[in-house]
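Quick note on labels: first sequence line is chain A, next is B, and so on, each numbered from 1.
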Amino acid sequence: MLEGINKIGDLEWEVPVGYVPDMRVPGRFFLSRALAETLEEGAVRQLANVATLPGIVKHSLAMPDIHWGYGFPIGGVAAFDRTEGVISPGGVGFDINCGVRLITTPLTEADLAGKKRELIEALFSVVPTGVGARSAMRVSNKELTEIMVNGARWAVERGLGTPEDLIRCEEEGAMPGAEPDAVSAKARQRGMPQIGTLGAGNHFLEIQVAREIIDPEAASVFGIAEGQICFMVHCGSRGLGHQVATDHLRTLESALGKYQIRLPDRQLACAPIDSPEGRAYYGGMACAANYAWTNRQVIMHEARKAFTQVFGIEYDEMRLIYDVAHNVAKFEHHDVDGAPMEVCVHRKGATRAFGPQAPGIPREYAAVGQPVLIPGSMGTSSYLLHGTATAMQKTWGSTCHGAGRVLSRSKAKKAIRGKELREHLAQEGILVRAHRDSVLAEEAPEVYKPSHEVVRVVHEAGLSGIVARLEPLGVIKG
DNA sequence: ATGTGC
């Protein structure tokens, strides 16, 4: 472990005040010995830098998938006092509301046999992939405004889903406080042709089988059984979210002097939550988050239609378990030293993991806590977990989001051949359909930390409980 | 992550 960091529990570490100058609170992160080898000093410094920001409450936190990011570390969680604190795009990330949803089907592996290629091709033909992918769907400027305000409900009202889908979605598919005027014309232009598109990088649409049920009671509550075929959608707010982040970062950087905020790193650009600049970022970010929920709703709808065509099953037999955001800032009420407090929780590459009976989770899941969805890297397992009371106490109800990258894209492309990887995965029974073979090299399993170890750590640390392990059978990539 | 770099 790095110099100057204290072990405070089996899997818990503290970065003391003074690790970098002007820290207001300590940093804390969760990590096993096995993952310690992958810990970057730069990511720990970023965790400490976040602790210098005005109004930060209790700790600057990071999950076991911590790695170096823009300003804030990825895997980072930080809460700021609603009245005294700041809001920062670096604490959310460029892909606002990058997230995941998981859907069960009535199919088994036997049903899939011989039809997997047909299914993959059907899915690939209805879900546009790749950087700059455009949708066949026509969305007007007025409709885009409705999408940014109403989120997934916009899609359901047009028959692209069912009302039950919305209940099983974080924020029911739309955050409050979306402010369309805080989204630039350029951001709108980028977002207009991209509703229903997957994008690139680690985004995917994957066919999976529930290979292992670890917690049968919670699995039954979530409605998933061993051997069941599922599909998972992992994507975000595309060009619109990226442009919202870019636009507001520039505004916030130039307002730093006005609010006399001194930063160890300009990438931490932020503004008081209740300033015009802070409010504008929140309003724009909420628009992008709602756009992302709509995007995943439309992709799920297209995928359901493809399944009905290939297998002759009913649309309603494919049930959304849940949809989670991995990159977002939200106002939440938490207990701080026995007193309720409203804070702005930034989760960047982290998942909300609200425990049993927590407000804001679907009533049907109240007994076990909210579902938590952790995507694997290509060819490796994804996980379904549940939130816990421990997460509420220790991490503002948060857990990890997946496997952090350990090899850069450029290094991965030099070390790995995409075509060979595709053939190798095919031998294991995993069919891959990608926009370009080169993305396969960039997304190879070995360029990521092992997600099973990341998930093991949050389980052992009590931040969430493993419910099921899902194995990939076929995947569509950018 | 991203009309992938100013």
Side-chain angles (χ1 to χ4, degrees), chain A residues 43 46 65-76 88-100 127-135 139 144 183-205 233-250 253 266-267 284-285 287-289 291-293 295-296 299 324-329 346-351 375 377-378 401-414 418 434-444 447-449 476-478:
Chain A
Q46 289 185 322
D65 43 358
I66 178 172
H67 60 288
W68 189 88
Y70 182 93
F72 289 55
I74 296 160
S88 172
V92 171
F94 278 85
D95 191 3
I96 295 164
N97 191 5
C98 179
V100 184
V127 181
T129 67
V131 178
R134 286 170 153 258
S135 169
V139 173
L144 184 63
V183 177
S184 67
K186 199 173 176 183
R188 297 184 78 109
Q189 247 170 32
R190 290 180 68 175
M192 212 128 54
Q194 293 190 319
I195 278 289
T197 66
L198 195 63
N202 64 356
H203 291 167
F204 63 69
L205 194 170
V233 179
H234 180 202
C235 65
S237 51
R238 310 287 287 105
L240 184 136
H242 194 274
Q243 193 63 46
V244 166
T246 304
D247 291 340
H248 285 273
L249 269 168
R250 200 176 48 208
E253 268 194 44
R266 279 187 77 80
Q267 293 187 353
M285 180 209 64
C287 285
Y291 178 98
W293 274 308
N295 194 31
R296 289 196 288 276
I299 290 172
V324 296
H326 284 167
N327 284 3
V328 82
H346 293 57
R347 296 189 183 91
K348 180 191 196 175
T351 316
S377 49
M378 195 169 54
H401 86 304
R405 191 172 269 280
V406 289
L407 206 62
S408 71
R409 292 183 183 283
S410 54
K411 281 180 184 165
K413 274 195 274 199
K414 279 176 194 157
H435 189 69
R436 289 182 299 128
D437 261 359
S438 62
V439 306
L440 302 183
E442 294 173 28
E443 299 302 320
V447 313
Y448 286 95
K449 289 185 194 184
I476 286 162
K477 301 279 299 177

With sequence neighbours left out, what residues match A:H326 under ring pair (Phe, Tyr, Trp, His ring centres under 6.0 Å)? A:H401

Where each residue is assigned the nucleotide of DNA chain B containing its nearest heavy atom, which of A:R405 and A:R436 is assigned the position nearer the 5′ end? A:R405

Rounded distance (Å) that lies between atom C1' of B:dT2 and atom CG of A:L240: 12 Å

A:H435 NE2 to B:dT2 C1', in whole Å, measures 14 Å

With a 4.0 Å cut-off on N to O distance, would you call A:K411 and A:E442 a salt bridge? no

Over how many whole Å does the gap from A:H242 atom NE2 to B:dG5 atom P extend? 8 Å

Looking at residues at least two apart in the chain, or sitting in another chain, which of them share a ring pair (Phe, Tyr, Trp, His ring centres under 6.0 Å) with A:F204? A:H234

A:Q189 CD to B:dT2 P, straight-line distance once rounded to whole Å: 18 Å

We want to know whether A:D247 and A:S184 form a side-chain donor-acceptor pair, criterion being a heavy-atom distance below 3.5 angstrom. yes

Could you tell me how far apart A:R409 (CZ) and B:dT4 (P) are, to the nearest whole angstrom? 14 Å

Could you point out which residue of A:D95, A:T197, A:T129 forms a side-chain hydrogen bond (donor to acceptor under 3.5 Å, both in side chains) with A:H203? A:D95

Over all strands shown, is A:E442 touching base, sugar-phosphate only, or nothing at heavy-atom distances under 4.0 angstrom? nothing

Do the side-chain N or O atoms of A:R238 get closer than 4.0 angstrom to the phosphate oxygens (OP1, OP2) of B:dT2? yes

When the distance from CD of A:Q243 to C1' of B:dT2 is rounded to whole Å, what number comes out? 10 Å

Sugar-phosphate, base or nothing in reach of A:A245, heavy atoms under 4.0 Å: nothing

Euclidean distance, atom CD1 of residue A:I96 to atom P of B:dT2 [Å, nearest integer]: 12 Å

Taking any heavy-atom pair under 4.0 Å as a contact, classify A:G239: base, sugar-phosphate, or nothing. sugar-phosphate

Students often get this wrong, so: under 4.0 angstrom with heavy atoms, is A:K186 touching a base, only sugar-phosphate, or nothing? base

Whole-Å distance between B:dT2 P and A:R134 CZ? 15 Å

